[in-house]
Amino acid sequence: MSERQLLSGNEAIARGAFEAGVTVACGYPGTPSTEILETVAARFKEQIYCEWAPNEKVAFEAAVGASLAGARAIVTMKHVGLNVAADPLMTFSYIGAVGGFVACVADDPGMHSSQDEQDTRHFARFAKIPVLEPADSQEAKEFMRLGLEISETHRTPVILRTTTRVSHSRGLVTLGERQAPRPVGFEKNPSRYVPIPVWGRKMRVRVEERIGEMAAAAAKSPANRIEWRDRALGIVAPGIAYAYVREAFPEASVLKLGWSWPFPDTLIREFAAGVKRLLVVEELEPILEEHIRALGLPCDGKNLVPTIGELSPARLQEIRAKVDGVPWTPPAPPAEAADLPGRPPVLCPGCPHRGIFHALGRHDVIVTGDIGCYSLGVFPPLSRTDTILCMGGGITLAHGMEKAGEKRRLVGIVGDSTFFHSGITGLLDVVYNRGTSVLIVVDNRTTAMTGHQDHPGTGRTLMGEPTVSVSIGEVGRACGMRNVVTVNPYDLKQVNAVLKTALASQEPWLIVSRAPCPLHERKPVGEPRRVRTAACRKCKLCFKLGCPAIEAGTDGIPTVNRLLCAGCAMCDQVCPAHAFEPIAKT
């Protein structure tokens, strides 16, 4: 009997890559996709080379190189990461894979940890490549092998699209054996691999031919199937939507789509002809619905199914009520949670970024932020982030505002991983085009937001090997930045002095705020603090730090939660009465 394990969708994808003979896995961390590559590195690094690349474009291109050499390769990222990798994606569609190539892209309906909830299926149609959508962990594993086989059969990259729910939910998975990897050896053939116009035009024709071939294959694939039950209602459901549909509509006939693009038209027509009423249930965009209507088939879809946010059993019950034409009463919240106060996200106790944002609060500046833990600088009481666009935008938005004529000083903030991802080119833009923005890299020596992954500045690879640790300051100097200084963000006096000098200058500055993430270090910064109540003036300046360890006590006197305090001593520095002291002194 085959062994079975309880795996998350991400773990199952990693297992599928192992069993399918993948030998190269590249990616950039981004929730909800991060654990795929972490699982590969933790469990299969003896068989699969894996790496965190500086960004998704680089990761995609490295995996393409492995594919063209004949190896089976995967690349992992979240949905917005595919935007970064779109350039090689579009051209690789023309060139085509040699060894199987699967891009594992995790969408985030509901924006649990993302700045938008774009639908990756648009990219599949845009690039004219197939997309697979697993409904559970077992399919996540199986579809990895299927995707690699489709890639090699049709000479195409393949997108394996998951969502947050599939990525992080667990299910029983039947394990298999690893198949032998493909032989590696690049075969020169410029007319296939070099898409200059004379050859690229022929590649373009082949792409269109391939779509027709794949549509026919999708209609016969076991990834797509019709489940005939009561034919009064037929539901078309791709990916995780199938699981919700089966729970909310157990009696309905269902067309389950796992290989959802190119559209399996013959299967769709057969299913539509066999039911009285057709409903399309899909997360986010009405991609399937619009196509089914274009086939001349009447159906319900986004008139009943929401376009915004992720689906859930509760939302499917609401859809069911609409289909049945009966009133809908949403379930009441759990009684034990009804009166709990809100818990907005905050910077952790002892977070070094707090010192930078507190210092910026003393100046009338515009702060263009970025994607990372430091995005939390937007919330009160720090309230020192004015814009967030995308990774690297913290630098370039500041430059653009300055060149537009904004009179206030511009401060652009990025993290260390973000700096290597897409901040260097922005810094080059500031220097080259004679900008004067103050650029701050909050360097906590890890990719903290997604779970403490390594990057080119940490001195360690995903495989656990020591490597060079790239200096952010030296990179800045190499780009032509003359004013480069490193500060200790826990030293508020130093931070304030450097920031004051930089803002008074008419030249660009690069300030590297360097201190490790306490959660990554797994140890406190210093000795926990307490408040000497007799010395406290009740001025409440300490609350402006936004430290969750500082709590409101009785009579307006703050207290320090010893279980939360990391001993960063910023409270000591902001208190004019010096009412905070190390517990060791008591």
Side-chain angles (χ1 to χ4, degrees), residues 337 339-365 367 369 372-386 411 413 440 442 444 448-449 487-500 513-586:
D339 298 325
L340 290 178
R343 298 182 61 188
V346 295
L347 294 172
C348 299
C351 177
H353 305 336
R354 181 171 285 109
I356 291 294
F357 287 114
H358 184 268
L360 286 170
R362 304 176 62 174
H363 302 274
D364 181 22
V365 295
V367 179
C373 296
Y374 47 94
S375 301
L376 299 175
V378 69
F379 294 121
L382 295 171
S383 302
R384 288 314 290 132
T385 300
D386 297 303
V411 178
I413 294 184
I440 301 176
V442 283
N444 59 9
M449 185 180 186
V487 299
N488 174 8
Y490 295 121
D491 186 344
L492 297 184
K493 183 177 180 180
Q494 180 195 31
V495 171
N496 286 322
V498 170
L499 193 58
K500 182 178 179 180
S513 170
R514 183 166 181 174
C517 170
L519 288 184
H520 188 226
E521 294 291 295
R522 298 182 181 273
K523 62 181 180 181
V525 180
E527 183 71 25
R529 262 49 185 175
R530 67 179 290 272
V531 177
R532 293 186 295 117
T533 55
C536 179
R537 301 177 185 174
K538 303 180 183 180
C539 65
K540 299 183 179 180
L541 288 176
C542 57
F543 287 117
K544 292 185 177 181
L545 284 170
C547 177
I550 302 176
E551 302 174 348
T554 59
D555 301 324
I557 297 177
T559 62
V560 178
N561 187 324
R562 291 183 59 176
L563 297 177
L564 294 179
C565 181
C568 69
M570 291 188 199
C571 53
D572 299 24
Q573 300 172 65
V574 302
C575 178
H578 305 291
F580 290 87
E581 66 178 5
I583 290 177
K585 289 189 177 182
T586 63

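Residue numbers run from 1 in the order of the sequence given.
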Answer whether the closest heavy-atom distance between the side chains of [X] and [Y] falls below 4.5 Å.
X	Y	result
K538	I557	yes
L347	F379	no
L545	C571	yes
P381	F543	no
K523	P518	no
D555	T533	no

Where do [X] and [Y] come nearest, in terms of heavy atoms and distance?
X	Y	result
P548	V346	CG-CG2, 4.0 Å
V531	P558	CG2-O, 3.5 Å
V525	G350	CG2-O, 4.0 Å
H358	L382	N-CD2, 4.1 Å
C517	A448	SG-CB, 4.4 Å
I356	S513	CG1-OG, 3.4 Å

Rounded at 0.5 Å granularity, tell me how far [atom1] in [X] sits from [atom2] in [Y].
X	Y	atom1	atom2	answer
Y374	H353	OH	NE2	7.5 Å
I550	M570	CD1	CE	10.0 Å
L499	R362	CG	CZ	9.5 Å
I413	L360	CD1	CG	5.0 Å
C542	R537	SG	CZ	12.5 Å
Q573	N496	CD	CG	9.0 Å

Mark yes or no for whether [X], through its side chain, and [Y], through its backbone, hold a donor-acceptor pair below 3.5 Å.
X	Y	value
R562	R530	no
Q494	N488	yes
R354	Y490	no

**Request:** From the options V367, V411, V378, select the one residue that forms a side chain to side chain contact (heavy atoms under 4.5 Å, CB included) with D386.
**Result:**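 For D386, the side chain to side chain contact (heavy atoms under 4.5 Å, CB included) test succeeds with only one of V367, V411, V378, which is V367.
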